[in-house]
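Single-structure report; data block below.
Quick note on labels: first sequence line is chain A, next is B, and so on, each numbered from 1.
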Amino acid sequence: MLRTHTCGELRRAQAGQTVILAGWVHSYREQGRELVFVDLRDRYGKTQVVFNTDEDTRIDALARRLRREDVIRVEGEVRYRGDGMTNAKLSTGEIEVRVHQLTLLSRSKTPPFEIEGGELPNEELRLKHRFLDLRRPELQRNIQLRHDLTQAVRSYFNDLNFLEIETPMLGRSTPEGARDYLVPSRVHHGSFYALPQSPQIYKQILMVSGFDRYYQIARCFRDEDLRADRQPEFTQIDVEMSFVQRDDILATIDGLVSTVMKKVRNIDVPTPLPRYTYHDVMARFGSDKPDMRFGMEITDITDIALASEFSVFRGVAGSGGFIRGLTVKNGAEKYSRRLLDVDLKNFVGDYGAKGLAYMKVAGGRLESSIAKFFSDEQQQTIISRMGGADGDLLLFVADTWKVTCSALAALRNRIGREQQLYDPQSFSCLWVVDFPLLTWNPEEGRFDAEHHPFCQPNPDDAEYLKTDPGKVRADSYDLVVNGYEAASGSVRIHDSEIQQMVFDLLKINSEEAERRFGFLLEALRFGAPPHAGIALGLDRWVMLLAGNDNIREVIAFPKTQKAADMLTGAPSEVDDRQLRDLRIAVTEQEK
RNA sequence: GGGGUCGUAGCUCAGUCGGUUAGAGCGCCAGCCUGUCACGCUGGAGGCCGCGGGUUCGAGUCCCGUCGACCUCGCCA
């Protein structure tokens, strides 16, 4: 070993010992010709080392040429710094190492940005020099947290007799869902593998094979546009169980969440986690992943609008639309006309809303350019239904159900954040259940699977499968944490007849079904146990535990919004030779 | 594919109405300093103002295009 201790572990108790440390020169302070201080840094902390001519002048000459981020090894004696000379900011601040021998292991160029302190450079530069960025304490902490969480997850499942089983990365493309990342086959000209969007089908097949408790920390790939919380490759905690029902999965994951949160961050999560139906959260929060760290629920006033004299509202209400609103407590003074008429109006416009109506509560009445269209009685009904009080701001969107939901949900999140309606350190975890199984796709003239085509219809709704498929609820569930979809799963179809009915509704004919999923359907014909599963987004979970809102901060080597790796330059062109082997020709882009 | 923000020294940024030699802090380099720890003091170097066009007597500044990063809508079974 090149060292006897790390830079984070020496204490006063070790005073007098001769030790060897190795690490990076974090900071360098020269104090006259013959006294040099260096803060030596490694993953574990920092230790002050001292060079002094008392010891050896030859070393001193080299010591004076040290620069930040050089890698050195020092041998020396641990000494108590002396009263009044300790540094409470360092865990090793009571001691220093007086160097007898210095070895320069590696020189560093001047880093393009400061490892600690100073403002963060732009992300492009950070990603190009990710090896330096990762030296920063925040990222070191995040990576450590990710490790802790992963280990806690493994330990939890291992204790419950789950098997961790790997599934292939080179799989078959199934055109459902997200775009696949394709990998050309050299041996089979013109054929392609697809990187997995998730191990969904493999894990179901493992259930048929009798591995009744499976989990995997699985890398998944989706070739879709990125967001702050979405990367093209990401990690799922993938879980599947046999001989279980929905509540068994929920209880298992309740246990996972509370155990892991306690273990890695000492956060108490009471279980069972609350459950809400899809219909309930859409009505109250406009979102299937509501942030329940604060209230400010949506109120529906469609009936009042229909009876009012306000033609815009009446028109929408009369043609099957909805008028729904939010109550911003004490918001009347906080949002100027400009903010309301321009900023917030444009904001809801991004979600398809054609306008944003607003009223202020003052003197027990409504104050607004549109208040005159509402009778006194209607005004009182609106105020009481929306829980309004003097000084409150009422915001309304009049549109289709879908638009009112997405616009008000986004508005609610924005105002909650802006007005600091919740503690950003807190956590709210909940289940959303009873999603619709199918959503009607008018363009294609068929239903689409809301979750995926293997999701079990809720047995209570079996009769609707033939009469009114849009009403069928799925036996599916999402775990929502602080407004993020943290996990998603379902009870799977284990009966090939029901599977056939669902394929019919999705207008996947049996020939097509056999071609795409034949291997799964065939497996289901050989004695498939009832099974159910779920997948948790590992990156998002770490992100939330790290108190971050960007997934790249918890991934060692993330990609940019255009899915490029700034460090390595991927994706890149390849040699013609490689393309010839694959018989692939690159064509010019069509204009 | 659409909308938005940004791009000036190694980094973070300022740069007025289009007008002299483009600035600051940090970092870097050199010198000084024997108890510093965001050390301090003195001095110095460092600029394709993302790139390409255009308007103008004159462009960091205005216009068009383009590249890149970020946020976002669509998209993400």
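Partners of Pro558(A) under the side-chain contact (heavy atoms from CB on, under 4.5 Å) rule, at least two apart in sequence or in another chain, are Leu127(A), Arg130(A), Gln231(A), Arg552(A), Ile555(A). Pro168(A) is linked by a side-chain contact (heavy atoms from CB on, under 4.5 Å) to Tyr202(A), counting only residues two or more places apart in sequence or in another chain. With sequence neighbours excluded, the residues satisfying side-chain contact (heavy atoms from CB on, under 4.5 Å) with Glu512(A) are Ile508(A), Asn509(A), Arg515(A), Arg516(A). By the ring pair (Phe, Tyr, Trp, His ring centres under 6.0 Å) test, Phe347(A) pairs with Tyr351(A), sequence neighbours left out. Residues meeting the side-chain contact (heavy atoms from CB on, under 4.5 Å) test with Lys402(A), sequence neighbours left out: Thr400(A). Shown here are the salt bridge (charged side-chain N to carboxylate O under 4.0 Å, His left out) partners of Arg492(A), two or more places apart in sequence or in another chain: Glu240(A). Shown here are the salt bridge (charged side-chain N to carboxylate O under 4.0 Å, His left out) partners of Arg43(A), two or more places apart in sequence or in another chain: there are none.
Applying the salt bridge (charged side-chain N to carboxylate O under 4.0 Å, His left out) rule to pairs touching residues 553-567 of chain A yields Arg126(A)-Glu553(A), Glu233(A)-Lys559(A), sequence neighbours excluded. Evaluation of the ring pair (Phe, Tyr, Trp, His ring centres under 6.0 Å) test over residues 480-514 of chain A, restricted to residues two or more places apart or in two chains, returns Phe503(A)-Phe517(A).
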| message | Please determine whether salt bridge (charged side-chain N to carboxylate O under 4.0 Å, His left out) holds for the pair Arg29(A) and Asp39(A), giving the CA-CA distance in whole Å, both sets of side-chain angles, and the decisive distance to 0.1 Å. | response | CA-CA 9 Å; Arg29(A) 298 179 295 277; Asp39(A) 287 344; 3.2 Å; yes
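Listed candidates were rU72(B), rU36(B), rG27(B). Nearest to the side chain of Gln31(A) is rU36(B). The side chain of Arg552(A) approaches rC71(B) more closely than any other nucleotide in the set rC71(B), rC37(B), rC75(B). For Glu124(A), the side-chain atoms get nearest to rA69(B) when compared with the rest of rU34(B), rA69(B), rC76(B). The Gln561(A) side chain lies nearest to rC70(B) when the options are rC70(B), rC32(B), rG27(B). For Ala228(A), the listed nucleotide lying nearest its side chain is rU72(B); candidates were rC39(B), rU72(B), rC32(B). When distances run from any side-chain atom of Met85(A) to the nucleotides rC75(B), rC28(B), rG35(B), the shortest one goes to rG35(B). Each of rC33(B), rC37(B), rG74(B) was ranked by its minimum atom distance to the side chain of Arg81(A); first place goes to rC37(B).
Across the interface with RNA chain B, nearest-nucleotide mapping of Asp549(A) and His452(A) shows Asp549(A) to be the residue nearer the 5′ end. In terms of position along RNA chain B, the nucleotide closest to Thr560(A) lies nearer the 5' end than the nucleotide closest to the other residue of the pair Thr560(A) and Thr174(A).
For the pair Arg417(A) CZ and rU72(B) C1', the computed distance is 12 Å after rounding to whole Å. Rounded to whole Å, the distance from NE2 on His26(A) to C1' on rC39(B) is 14 Å. Between Asp350(A) atom CG and rU5(B) atom C1' there is a gap of 14 Å when expressed in whole angstrom units. Arg64(A) has its CZ atom 14 Å from the C1' atom of rA30(B), to the nearest Å. Atom OH of Tyr351(A) and atom P of rG2(B) are 19 Å apart (whole Å). Following rounding to the nearest Å, Asp225(A) (CG) and rG4(B) (P) show an atom-to-atom distance of 17 Å. Taking atom NE2 on His129(A) and atom P on rA69(B), their separation rounds to 15 Å, with Å as the unit. Taking atom CZ on Arg65(A) and atom P on rC29(B), their separation rounds to 13 Å, with Å as the unit.
Nucleotide rG7(B) forms a pair with rC67(B), judged by Watson-Crick or G-U wobble geometry with both contacts under 3.5 Å.
Across all strands shown, Glu450(A) has heavy atoms under 4.0 Å from sugar-phosphate atoms exclusively, and none from any base. Residue contacts shown for Glu485(A) are absent, as no nucleic acid heavy atom lies under 4.0 Å away. Glu116(A) comes within 4.0 angstrom of nothing in the nucleic acid, heavy atoms only.
The shortest distance between the side-chain N/O atoms of Lys46(A) and the OP1/OP2 oxygens of rC37(B) is not below 4.0 Å. In this model, the phosphate group of rC28(B) is not approached by any side-chain N or O of Lys109(A) to a distance below 4.0 Å at OP1 or OP2. Between Arg227(A) and rC73(B) there is a side-chain polar atom (N or O) within less than 4.0 angstrom of OP1 or OP2. Neither OP1 nor OP2 of rC76(B) sits under 4.0 Å from any side-chain N or O of Arg179(A).
Taking the C1' atoms as reference points, rC76(B) lies 46 Å from rC28(B), given to the whole Å. For the C1' atoms, the distance from rU12(B) to rG27(B) is 11 Å, rounded to whole Å. As rounded to the nearest Å, rG15(B) and rG23(B) have C1' atoms that lie 7 Å from one another. Look at the C1' atom in both rC63(B) and rG25(B): the space between them is 34 Å, to the nearest Å. Taking atom P in both rG65(B) and rU5(B), one finds a spacing of 15 Å when rounded to whole Å. Spacing of C1' atoms, rG7(B) relative to rC37(B), comes out at 36 Å, to the nearest Å. A distance of about 23 Å separates the P atoms of rU56(B) and rU16(B), rounded to the whole Å. Taking the C1' atoms as reference points, rG3(B) lies 27 Å from rC13(B), given to the whole Å.
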| Where along nucleotides 8-13 of chain B does protein come under 4.0 Å, by heavy atom, of base (B) or sugar-phosphate alone (S), with - for untouched nucleotides? | --SSS-
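Using a 3.5 Å distance cut-off with no hydrogens or angles, the side chains of Asp478(A) and Ser488(A) do pair a donor with an acceptor. Under 3.5 Å, the side chains of Tyr278(A) and Glu450(A) contain no donor-acceptor pair of N or O atoms. For the 3.5 Å distance criterion, the side chains of Gln236(A) and Ser198(A) fail to qualify, holding no donor opposite an acceptor. Remark: the Asn142(A) side chain and the Glu138(A) side chain contain no N/O donor-acceptor pair separated by less than 3.5 Å.
Heavy-atom neighbours of Tyr193(A) OH from other residues, nucleotides or ligands within 6.0 Å: at or below the threshold of 12.
Within residues 67-74 of chain A, the residues having any heavy atom under 4.0 Å from RNA chain B are, by residue number, Arg67(A), Arg68(A). Residues of residues 340-348 of chain A having a heavy atom closer than 4.0 Å to RNA chain B: none are found.
Between the side chain of Gln48(A) and the base of rU36(B), at least one donor-acceptor pair of N or O atoms lies under 3.5 Å. A donor-acceptor contact under 3.5 angstrom links the side-chain atoms of Arg230(A) to the base of rC75(B).
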